[in-house]
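All residue numbers refer to positions in the sequence shown, counting from 1.
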Amino acid sequence: MLTHFLKGKIAKKHLVKISPCFNLLSDRVYRKILKTKLYNPFLGFLFGIIPFVILPGLSLDRIYRGDFFSGIIKIGLWLFIIVLSAFQYNIVIMYYTLGDYLFIILVFWCIFDLFDTRSIIFSKNYKTILQIICKGGK
């Protein structure tokens, strides 16, 4: 049952590694793992793609997965680009404005995050499960 619960929440290679240990777990550890809130990789993807489609350059995947500092920086950069565009601060650097360069950087950052979020969420969930197992459900 625990293997089924963790399927899709941690990487298969990690699930294969720790699944032999499941028979040795106490009931308390077993229940603690089942009650633990784990991140959903699909939700992480949605928090990255939906805002990006609605407002290009914006994504909330980093905040969802608990990386608040870089998530706030990402949103701040997006807002800075909006302000640059709204007030038409056209600082031209080799045919393009500063806002254009920052927007391109932000778009590549969001695309990178779309592919990276799943593995980071898998890793966080795996570490959470290992901590529960090592602490004995305390």
Closest heavy-atom pair, S59 versus G48, reported as atoms and distance to 0.1 Å, is CB-O, 3.4 Å

Excluding I104, membership of its hydrophobic cluster (Ile, Leu, Val, Met, Phe, Trp, Tyr; side-chain heavy atoms within less than 4.5 Å) reads F108

Requested in this report: Side-chain contact test, heavy atoms from C-beta onward, threshold under 4.5 Å: evaluate it for I63 versus F47 and give yes or no.
Outcome: no

Value for OG1 (T3) from CD1 (I18), rounded to nearest 0.5 Å, stands at 8.0 Å

For residues 15-42, the ring-ring contact (aromatic ring centres under 6.0 Å, His included) pairs (sequence neighbours left out) are Y39-Y64

L15 and Y126: same hydrophobic cluster, using ILVMFWY side-chain contacts below 4.5 Å?
-> yes

Point to revise | Side chain proximity check, I129 to L38, heavy atoms < 4.5 angstrom | key: yes

Value for CZ (R28) from NZ (K135), rounded to nearest 0.5 Å, stands at 12.5 Å

Heavy-atom closest pair (F122 atom, A11 atom, distance to 0.1 Å) is CG-N, 3.6 Å

Taken to the nearest 0.5 Å, the spacing of N40 CG from R118 CZ works out to 10.5 Å

Item to check | Step-by-step side-chain contact (heavy atoms from CB on, under 4.5 Å) determination, F52 to D61 | outcome: CA-CA 10 Å; F52 184 76; D61 54 337; over 6 Å; no

Rounded to the nearest 0.5 angstrom, the CZ-CG distance for R31 and L25 is 12.0 Å

Sequence neighbours excluded, the answer for side chain to side chain contact (heavy atoms under 4.5 Å, CB included) partners of L114 is F45, I49

d(L60 CG, L43 CG) to nearest 0.5 Å is 12.5 Å

Taking V107 as the starting point, is it possible to reach I54 by hopping between hydrophobic residues whose side chains are less than 4.5 Å apart?
yes

Contacts of D113 meeting salt bridge (Lys or Arg N to Asp or Glu O under 4.0 Å) (sequence neighbours excluded), chain-then-number -> R62, K74

When you compare the side chain of I82 with that of L55, does any pair of heavy atoms fall below 4.5 Å? no

Across all chains, not counting sequence neighbours, the side chain to side chain contact (heavy atoms under 4.5 Å, CB included) partners of L102 are L77, F80, I81, L84, L98

CD1 (I132) and CG (L34) are apart, to the nearest 0.5 Å, by 9.5 Å

So salt bridge (charged side-chain N to carboxylate O under 4.0 Å, His left out) across residues 6-23, not counting sequence neighbours, yields none

Note to self: Are I50 and F115 linked, directly or through intermediate hydrophobic residues, by side-chain heavy-atom contacts shorter than 4.5 Å (ILVMFWY only)?
What the structure shows: yes

- Task: Let me see the working for I133 and I33 under side-chain contact (heavy atoms from CB on, under 4.5 Å), right down to the final yes or no.
- Result: CA-CA 8 Å; I133 293 172; I33 290 173; 3.9 Å; yes

Under 4.5 Å between side-chain heavy atoms, counting indirect links through other Ile/Leu/Val/Met/Phe/Trp/Tyr residues: same cluster for I121 and F69 or not? yes

L79 meets the side chain to side chain contact (heavy atoms under 4.5 Å, CB included) criterion, sequence neighbours left out, with I75

Check: Is F68 reachable from I73 through a run of I, L, V, M, F, W or Y residues, each pair having side-chain heavy atoms under 4.5 Å apart?
Finding: yes

I120 meets the side chain to side chain contact (heavy atoms under 4.5 Å, CB included) criterion, sequence neighbours left out, with R65, D116

